[in-house]
Amino acid sequence: MTGSYNPKDIETKWQEEWEKDGINDVVEGSSKPHKYVLEMFPYPSGDIHMGHVRNYTIGDVISRYSKMKGFNVLHPMGWDAFGLPAENAAIKHKSHPAKWTYGNIATQKASFKRMGFSYDWNRTVVACDPEYYRWGQWIFLQFWKRGLVERRNSPVNWCPDCGTVLANEQVIEGRCWRCHSEVQKRDLTQWYFKITDYAQELLDDLNQLDGWPERVKQQQANWIGRSEGAQVDFILCDKDGNIPADPTPDDIITVFTTRADTLYGCSFFVLAPEYARVAEFVAGTPYEEEVMALVEASKKITAVQRAMGDHEKHGAFTGRYVVNPINGEKVPVWVADDVVADYGTGAVMAVPCGDQRDFEFARKYDLPIIPIILEPSDPLYSRLCEEQGRVVTSVDWEQAYAAEGILVQSGEFTGMVGGKHSPGEDAVVAKLEAMGRGKRKVEFRLRDWLISRQRYWGNPIPAIHCEHCGVVPVPEEDLPVRLPEDIDLAAGETLATHKGFIECTCPVCGAPARHETDTMDTFTCASWSVLRSTDPHNRELPFDPAKAATWMPVDQYIGGIEHALLHLLYSLFFTKVLRDIGLVDFNEPFTNLLCQGMVLDGKGEVMSKSKGNVIAPEDMIAQYGADAVRAYILFMAPPDKELLWNEAGLAGMFRFLKRVWRQVQLLSHDPDVRQDNVTEDDAKGKAAAKTLNRELHRVIGKVTDDIERFNFNTALAAIMELANATDEYLKYVPAQTRANCEPLQELDAFAAKTLVLLLAPFAPHWAEELWHEVLGEQGSVHLQDWPTWDPAQAVAETVTYPVQINGKVRARVELSKEAGKDELQAAALEAAASYLDGKTPKKVVVVTGRLVSIVI
RNA sequence: GGGGGUGUGGCGAAACGGCAAACGCAGGGGACUUAAAAUCCUCCACCCAAAAGGUUUGAGGGUUCGAAUCCCUCCACCCCUACCA
């Protein structure tokens, strides 16, 4: 006996039952095939919002469906729990970051449970738990042993208000993502992971990721930014402009270029303001003042201005010259603030005719623009390709010619095709190599990963500074380096001022020493948690390689596109290093990746706390239940599409669940549910029963197929169609009739069961309640087999074929589904007779199962 | 500047070269009700009073018996990334 659908009564009840029965716990050693379904872990910044609801509902449907399909599913949850927001909140509330973090984790966990997500909570990974972060430190030490950890001085992003360096992803349009202060460039000694050692492999292996969205792979490839070109050595003239007779390595300045073919067009040479030898070059010369002023001024160009690209570019002549190796010509050396120090060599050969930036610079400072590459239609072309030597050193162009073209005024290379990867470029590089003045070189845009942070709430870098021994690793047996709990952040205390934390002895010589006080970027924690979930309680190793091998790689990874790039790139990097260390035996951690679209507010804005437009599911759950919220957010749009949250349709999904609930009751002959609106009609009833049977088979097939392809929206639409067919059936076949007819009883049972099973992954509580209380079944609905269907019963016996004449539907013919091409053509021509007017059609296209197209 | 994507009713959307708008939301009309809610029935791309008919997938062209879908040109919007030589 049951009443009408009331989610309040059933949802928490089943959540408790499931937990008690452990139906979501992973069974190790099962003979079933394994499946690892994982969603990106949340950051515990507060309670969950609609973005979380979408992400984790997708994962939950895949997980529940996979279990019903007979897989042994690992579906864990965890928290990416270190990071600045916890610390800032602690300062604000004069509290400890752990309090805030664990408080939010508890809140989110309760919300996840309230949503009915099927996690195995015994496997929860929390990044700020010493039992987890000790292994992050252990991995750091293995990286160090392999030479993948480096401490060096470089220009870095520094947020003055937050008092720490920032990762690139934390700099948004030149501003700190939290406090919006302008980020400064500073030269600091920081810790790096040498991800660039893996740049080529990371790029190459993108090809193996068949189960990843193309856009993510493309984004990664762009980020890695492989660029093929050459290094070219220019010889530096002395202060008086004399070419050294016997140049030493100090007399050589190397540049990187992808356009060696344009070397003959080099009319000046540019150094970045940060170039190490700039001061030396101009010291004591008349140029010193202006150049050094430019160097100083360039430091003040903010990343904001750079990002906007709207700052004026400046240059200053150094008074020095270098020699172009291809033609022995002396060209002036400038310093300019549009050259970046940390790409290539920090020095650039300028070819204004072929590069727009060089072109603009040459115009501004009145430097020669020598045309050395043209398209044959250019008026200069016929003249210059005849000439030997250089005759034209200025042009009246409006912009540079950056495309492929024919080289002119280029000595022996004149007449060759120039451009990126062109024969001309090849020839010039070959010549330079023969001269010993250049070589092939590949550059990457990818930088080493700056992992140190000057903040408390992170994983401490396990290193010790000793006066005698330098920087030495903390011995593995001393791990974890624990974060001290007695710290008053609100009073300005930091790890660097915490005596108890700093003071230690050198593990090598035993002398008094200092602990490193930087912590690791939170992304380091997130880069291997996927592995820890396969063996979360291991106290000997980060994870048992055998257990990792059982579950990994993740069969389906699900997460937002917005932070996909860096987290994924870092995870791939970690996996490759751990493979080289011998802890894992695979290249890629995530076989298939589903990137869900962002959930935006009704106006299309990203939801954020600072904007105050965060939408939480709490009230909706209270009003309509978690099941309706789950089903509705999937019904709104395909998962990879951006979604503007709009609550209007949620009531409709609730109505749908209510309606099907009642249908299941009626189909089960629940004595307490009265059937109204019945019109006994034998003919319509028979047809409706036939249609219902067909729809059951068709919809099981459709929903199965749709879930496999993540088309949850159309899967739900198909179930709604099934519900419509059920309504039609119930309308014309009264309970009495159904009760007294065995085939109809079977149909009733089949329909009731199918509706419940198909909706079980979407509306788990709803399904469980009906399964037990209305269908009277034993065992959880979520442990049942997914329904099967008979494709032969899924199609109608007759097909209504549209008959097109010159592309327009002019008639219809109804034929058996078995009708052959000839029969179909004959029927179509007969139906179209009045349009044919006795003539023979030009062409007839017959597509069985589809249509007939006649051309007259 | 580079890369990726999107464009279909009032709205969310569907259609893996084959009857455009499935499914739902909102809305109109009706039944039930003293009334409302709930529920049920019904209409719902556009033009035409209706039917018949015609038109329609950002714009234009092409391929095809047949195009929202494939190709070319253009427009608009969104996201990512960027002084990368």
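Chain letters run A, B, ... following the sequence lines, proteins first, then strands; residues in each count from 1.
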Pairwise [atom1] distance, [M] and [N] [rounded to whole Å]:
| N | M | atom1 | value |
| --- | --- | --- | --- |
| B/U56 | B/U69 | P | 14 Å |
| B/A68 | B/U55 | P | 13 Å |
| B/G61 | B/C23 | P | 34 Å |

Between [Y] and [X], is there a salt bridge with N-O shorter than 4.0 Å?
| X | Y | value |
| --- | --- | --- |
| A/Glu425 | A/Arg440 | yes |
| A/Asp342 | A/Arg447 | yes |
| A/Lys731 | A/Asp727 | no |
| A/Glu228 | A/Arg226 | yes |
| A/Arg698 | A/Glu721 | yes |

Any base atoms under 4.0 Å from [X], or only sugar-phosphate, or nothing? Heavy atoms, all strands.
| X | result |
| --- | --- |
| A/Lys420 | sugar-phosphate |
| A/Arg850 | sugar-phosphate |
| A/Lys842 | nothing |
| A/Val855 | sugar-phosphate |

Legend entry - Syn/anti state for B/G10 [syn: chi within 90° of 0]: anti
Legend entry - Steps toward ring-ring contact (aromatic ring centres under 6.0 Å, His included) verdict (A/Phe361, A/Phe268): CA-CA 10 Å; A/Phe361 194 89; A/Phe268 57 101; 5.4 Å; yes
Inset, instruction - Establish, with yes or no, whether the OP1 or OP2 oxygen of B/C19 is under 4.0 angstrom from a side-chain nitrogen or oxygen of A/Tyr801. - result: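 So the side chain of A/Tyr801 is outside the cut-off, no N or O lying under 4.0 Å from OP1 or OP2 of B/C19.
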Inset, instruction - Quick one: which residue pairs count as a side-chain hydrogen bond (donor to acceptor under 3.5 Å, both in side chains) with a foot in residues 351-361 of chain A, not counting sequence neighbours? - result: A/Asp355-A/Arg357, A/Gln356-A/Glu360
For nucleotides 52-59 of chain B, list the nitrogen or oxygen atoms of the protein found under 3.5 Å from its nitrogen or oxygen atoms, one pair per line.
unit_1: B/G54; atom_1: OP1; unit_2: A/Arg810; atom_2: NH1; d: 3.3
unit_1: B/G54; atom_1: OP1; unit_2: A/Arg810; atom_2: NH2; d: 3.3

Inset, instruction - Consider only side-chain N and O atoms of A/Arg437 and A/Asn324, and report whether a donor and an acceptor are under 3.5 Å apart. - result: no
Roughly how many Å is it from [atom1] in [X] to [atom2] in [N], rounded to a whole number?
| X | N | atom1 | atom2 | value |
| --- | --- | --- | --- | --- |
| A/Met50 | B/G12 | CE | P | 18 Å |
| A/Asp640 | B/A13 | CG | P | 12 Å |
| A/Asp342 | B/A85 | CG | C1' | 13 Å |
| A/Asn222 | B/U81 | CG | P | 11 Å |
| A/Arg259 | B/A85 | CZ | P | 11 Å |
| A/Asp727 | B/C40 | CG | C1' | 10 Å |
| A/Asp261 | B/A85 | CG | P | 14 Å |
| A/Leu600 | B/U6 | CG | C1' | 14 Å |

Inset, instruction - Check ring-ring contact (aromatic ring centres under 6.0 Å, His included) between A/Phe710 and all other residues, then give those that pass, not counting sequence neighbours. - result: none
Legend entry - From A/Leu824 atom CG to A/Lys821 atom NZ, the distance as rounded to the nearest 0.5 Å: 9.0 Å
Inset, instruction - Starting at CG of A/Leu367, measure out to CZ of A/Phe269 and round the result to the nearest 0.5 Å. - result: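 One finds 14.0 Å between CG of A/Leu367 and CZ of A/Phe269.
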Inset, instruction - Could you pick out which residue, A/Leu643 or A/Arg357, lies toward the 5' side of RNA chain B when each is mapped onto its nearest nucleotide? - result: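 Here A/Leu643 is the residue nearer the 5' end.
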Legend entry - Earlier contact from the 5' end, RNA chain B, for A/Gln804 and A/Phe444: A/Gln804
Legend entry - Presence of donor-acceptor pair under 3.5 Å, side chain of A/Arg812 and base of B/C19: yes
Does any N or O in the side chain of [X] come within less than 3.5 Å of the main-chain N or O of [Y], such that one atom is a donor and the other an acceptor?
| X | Y | result |
| --- | --- | --- |
| A/Tyr801 | A/Val852 | no |
| A/Asn711 | A/Thr714 | no |
| A/Arg54 | A/Gly560 | no |

Inset, instruction - Quick one: the dot-bracket string of RNA chain B, using Watson-Crick and G-U wobble pairs with both distances under 3.5 Å, [ ] for crossing pairs and | for bases paired to another strand. - result: (((((((..(((.....[....))).(((((.......))))).(((.....)))..(((((..]....))))))))))))....
Legend entry - Which nucleotide in B/A85, B/A13, B/C65 has an atom nearest any side-chain atom of A/Ser853: B/C65
Could you run down the sub-3.5 Å N/O contacts of the protein with nucleotides 74-80 of chain B?
unit_1: B/C80; atom_1: O2'; unit_2: A/Gln219; atom_2: NE2; d: 3.1

Legend entry - Per-nucleotide protein contact string for nucleotides 22-33 of chain B (B base, S sugar-phosphate only, - none; heavy atom under 4.0 Å): BBSSS-------
Inset, instruction - Give a yes or no on whether the ring-centroid distance for A/Trp449 and A/Tyr570 is below 6.0 angstrom. - result: yes
